[in-house]
Chemist: 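I have a structure I would like to understand better, so I am pasting it below and will then ask my questions one at a time.
Each chain gets a letter, A, B and so on, in the order its sequence line appears, and its residues count up from 1.
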There are 2 protein chains.
Amino acid sequence: MEEKRVLTEQLLDASLKSTVPQTDLIIESMRYSLLAGGKRVRPMLCFAATEMFGGSLDAAKPAAVALEMIHTMSLIHDDLPAMDNDDLRRGKPTNHVLYGDDVAILAGDAMLSESFAHVARETRGVPAERVVRVLGILGDSVGALGLAGGQVLDLKSEGQPNVGMDTLQWIHTYKTAALLKAAVCCGAVLAGASEEDIARCETYALKIGLAFQVADDILDVESSSAELGKTAGKDEAIARELVDDAKAALAPYGERAAPLLGLADYIIARKS
Amino acid sequence: MEEKRVLTEQLLDASLKSTVPQTDLIIESMRYSLLAGGKRVRPMLCFAATEMFGGSLDAAKPAAVALEMIHTMSLIHDDLPAMDNDDLRRGKPTNHVLYGDDVAILAGDAMLSESFAHVARETRGVPAERVVRVLGILGDSVGALGLAGGQVLDLKSEGQPNVGMDTLQWIHTYKTAALLKAAVCCGAVLAGASEEDIARCETYALKIGLAFQVADDILDVESSSAELGKTAGKDEAIARELVDDAKAALAPYGERAAPLLGLADYIIARKS
C-alpha cells in the first residue's frame with residue numbers, strides 16, 4: 001500500500017508542470033494543493049480495482065491522477081470563504097489564503113478540466129471505448145448527482161431544524177461516496193471488467209463511502225464531548241457493519257480482493 | 001445560421017434536467033445560466049466545422065452542447081464577487097446574485113464536469129478514438145493553457161503599469177481564442193479531418209478569437225469616449241485584417257467553408 005502511495009506522489013508531481021512563464025502562477029497554486037499530502041485513497045482504490053481484474057497498473061495511472069485532481073479541486077473550492085471558509089487544511093494555509101479567492105477558483109477550474117485532459121491524453125494500452133467510459137464516470141462523479149450536488153444539498157441543509165436520515169444519506173452518498181465509487185469503477189473498467197463486476201464494485205464503494213462518513217462523524221462526536229462516548233460506540237458498530245457489507249460484495253474474487261479489503265479497513269481507521 | 005441557433009437552444013434545454021428532488025436547486029441554477037440566451041457562437045462553429053469536413057450534425061451535437069456549457073461555466077465564475085463582481089449579465093441578475101456565491105461556484109463546477117460526461121455518454125456514430133480526442137481538446141481549452149490560465153494572467157495584469165502587447169495577446173489567445181479553437185477543432189475531429197485540416201482550423205480560430213477581442217475593445221473605446229474615434233478606426237482595420245487572415249486559412253475548402261466564413265464576419269459584427 002505504501003508503495004502505491006509513493007508511486008502516486010511521483011505521478012502527481014509529474015502531471016503538472018508550467019511550460020511557459022505565463023502559467024507559472026496558476027500552476028504553482030494548482031501544485032500547492034495537489035502536492036499537499038493526504039492518504040491518496042482514491043488513486044489507491046483505482047489501482048487496487050484494476051489489479052483485481054488483471055488490468056495493467058500503467059493503463060490506470062492517468063485515471064488515478066485524475067481522481068486525485070478532482071478530489072483536490074473539491075477541497076480548494078470547499079475551503080473558499082463563500083463555502084466553508086477554512087483557513088487551514090492539514091496544518092497549512094488553504095489555497096485562497098495564499099493565492100487569493102480569484103486564483104483559487106480558477107486553479108480549481110483548471111484542475112478539474114486538466115483531470116479529463118490528462119486521462120484523454122495519457123491513457124495507453126486499452127481500447128478507446130474504455131477511456132470514453134472512464135471519462136463519463138469521472139464527469140458524473142462531480143456533477144449534480146456527484147460532489148457538487150451533494151455539497152449544494154449539504155450547504156442548504158445546514159442550520160435546518162429537521163434534516164431527515166434520508167437527506168443525510170443522500171448527501172454522504174454524493175458528497176463522499178460518488179468519487180470513491182468512480183475510483184473503483186474506473187480501475188475496473190480499464191481492466192475490462194464485466195457489468196456484473198462493475199456492479200459489485202459500486203456496492204463496495206458506496207458502503208465504504210458511507211462507512212467513511214460515519215467514521216468522520218465519530219471523530220466529531222469524540223472531539224466535541226467525552227460524554228457522547230455511547231453514541232460513538234454505536235456509530236462505530238455501524239461503520240464496522242458497513243465495511244463488512246463492502247467486503248462481502250467482493251467475496252467472489254477471493255484472494256484477488258485483498259488490496260480492496262485492506263483499503264476498506266484503512267478508510268474507517270484513517271482518521272484516528 | 002438561425003436554424004442552427006434554434007437547434008442549439010433545443011439541445012441545451014434537453015441536456016440538463018433534474019431527475020430527483022435533491023438536485024432541483026443545483027440544476028435550476030445551472031439551467032438559469034445555460035439558457036440565458038446568447039449568440040451560441042461556439043456550438044455554431046463546431047457544427048460548421050463538422051459539416052465542412054462532411055461529418056454528421058448528430059455526432060457533433062453533444063460536443064456543441066459541451067462547448068456552451070464550458071462557456072457558461074466561465075461566465076458564472078467570472079461574474080463572482082471574488083472575480084469581476086458583476087451583478088448583471090444581458091440585463092438579468094447574475095447566477096450568484098440569485099443563488100448565492102456558494103451555489104454559483106458549485107453550479108459552475110457541475111456544469112464543467114457535466115460537459116465532459118455529456119460528450120462521453122451521448123456521442124454516437126463516430127470511432128471512440130475521436131471522442132477521446134475531443135474530450136482532450138475540451139479539457140485543454142479550460143486549463144492553464146486555456147480559459148483559466150488566460151483569466152489568471154488577466155486578473156494579475158489589471159492595474160499594472162506596463163503590460164506589454166505580448167502579454168495582452170497571450171491573455172486574449174487563452175481567455176477567448178482557446179475555446180473558439182476547441183469549438184472548430186472538435187467539429188473537425190469528429191468528422192475525421194486530417195492533421196493538416198485541423199491545423200488550418202486552428203489558424204482560423206485563433207485569428208477570429210483575436211479579431212473578436214479587438215472588436216470588443218473597439219466597443220469599449222466607442223462607449224467610453226467619442227474623441228477616441230481614430231483609435232477605433234485603426235482597431236477596426238486590425239480586426240478586419242485578422243478576419244481576412246482567418247478566411248484565407250480556409251481557402252482550400254472553397255464553397256464548403258462558407259458557413260465558417262460567415263461566422264467570422266458575424267463574430268466581429270456581433271457586438272454592434
Chemist: Count the heavy-atom pairs under 4.5 Å between each of B/Asp109, B/Leu138, B/Asp101 and chain A, then report the option with the highest count.
Modeler: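 Between B/Asp109, B/Leu138, B/Asp101, the count favours B/Asp109.
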Chemist: With chain A as the partner, which of B/Glu129, B/Glu114, B/Arg133 has the greatest number of non-hydrogen pairs under 4.5 Å?
Modeler: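 Top count of heavy-atom pairs under 4.5 Å with chain A: B/Glu129.
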Chemist: Tell me the closest heavy-atom pair linking A/Ala110 and B/Ala144, and the distance in Å.
Modeler: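 Result for this residue pair: CB-N, 4.1 Å.
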Chemist: Find out whether B/Ile26 and A/Leu153 are in side-chain contact, i.e. whether some heavy atom of one side chain is under 4.5 Å from a heavy atom of the other.
Modeler: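 No. Closest side-chain heavy atoms not under 4.5 Å.
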Chemist: Can you tell me which of B/Ala107, B/Ser113, B/Ser74, B/Ala120 forms the most heavy-atom pairs within a distance under 4.5 Å of chain A?
Modeler: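 Ranked by contacts with chain A, first place is B/Ser113.
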Chemist: Please report the closest heavy-atom contact between B/Ala82 and A/Ile105, naming both atoms and the distance.
Modeler: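 The answer is CB-CD1, 4.0 Å.
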Chemist: Given a strict heavy-atom distance threshold of 4.5 Å, which part of A/Leu80 is in contact with chain B: side chain, backbone, both, or neither?
Modeler: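 Only the side chain of A/Leu80 comes within 4.5 Å of chain B.
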Chemist: Is there side-chain contact between B/Thr19 and A/Leu145, with at least one heavy-atom pair below 4.5 Å?
Modeler: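 Answer yes - side chains close enough.
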Chemist: For the pair B/His77 and A/His77, name the ring-plane relationship: parallel under 30°, tilted 30 to 60°, perpendicular over 60°.
Modeler: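 Plane angle over 60°, so perpendicular.
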Chemist: Does a side-chain heavy-atom distance below 4.5 Å link A/Trp170 with B/Val20?
Modeler: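 Side chain of A/Trp170 against side chain of B/Val20, heavy atoms only: contact under 4.5 Å found.
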Chemist: Start with the C-alpha distance between A/Asp102 and B/Lys156, add both sets of side-chain angles, then the distance that settles side-chain contact (heavy atoms from CB on, under 4.5 Å), and finish with yes or no.
Modeler: CA-CA 10 Å; A/Asp102 49 2; B/Lys156 295 301 152 188; 4.2 Å; yes
Chemist: Report yes if some heavy atom in the side chain of B/Leu106 is under 4.5 Å from a heavy atom in the side chain of A/Leu155; otherwise report no.
Modeler: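 Yes, at least one pair of side-chain atoms sits under 4.5 Å.
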Chemist: Does the side chain of B/Val152 come within less than 4.5 Å of A/Gln22's, by heavy atoms?
Modeler: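 No - every pair of side-chain heavy atoms lies 4.5 Å or more apart.
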Chemist: Go through B/Ile137, B/Ile171, B/Leu112 and name the one with the most non-hydrogen pairs under 4.5 angstrom from chain A.
Modeler: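 Sorted descending by pairs with chain A, the first entry is B/Leu112.
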Chemist: Do B/Asp140 and A/Arg121 have side chains that get closer than 4.5 Å, going by heavy atoms?
Modeler: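 They are in contact (side-chain heavy atoms under 4.5 Å apart), so the answer is yes.
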Chemist: When only pairs under 4.5 Å are counted, which of B/Ala148, B/Pro81, B/Ser141 shares the most heavy-atom pairs with chain A?
Modeler: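 Ranked by contacts with chain A, first place is B/Ala148.
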Chemist: Using non-hydrogen atoms and a 4.5 Å limit, figure out which bit of A/Leu135 sits close to chain B: side chain, backbone, both or neither.
Modeler: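 For A/Leu135, the contact with chain B is made by backbone and side chain together.
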Chemist: Minimum heavy-atom separation for B/Ala117 and A/Gly136, please, with both atom names.
Modeler: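 Heavy atoms of B/Ala117 and A/Gly136 come nearest at CB-O, 4.0 Å.
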Chemist: Non-hydrogen atoms of chain B under 4.5 Å away: do they reach the side chain of A/Met111, the backbone, both or neither?
Modeler: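 When you check distances to chain B, no heavy atom of A/Met111 falls under 4.5 Å.
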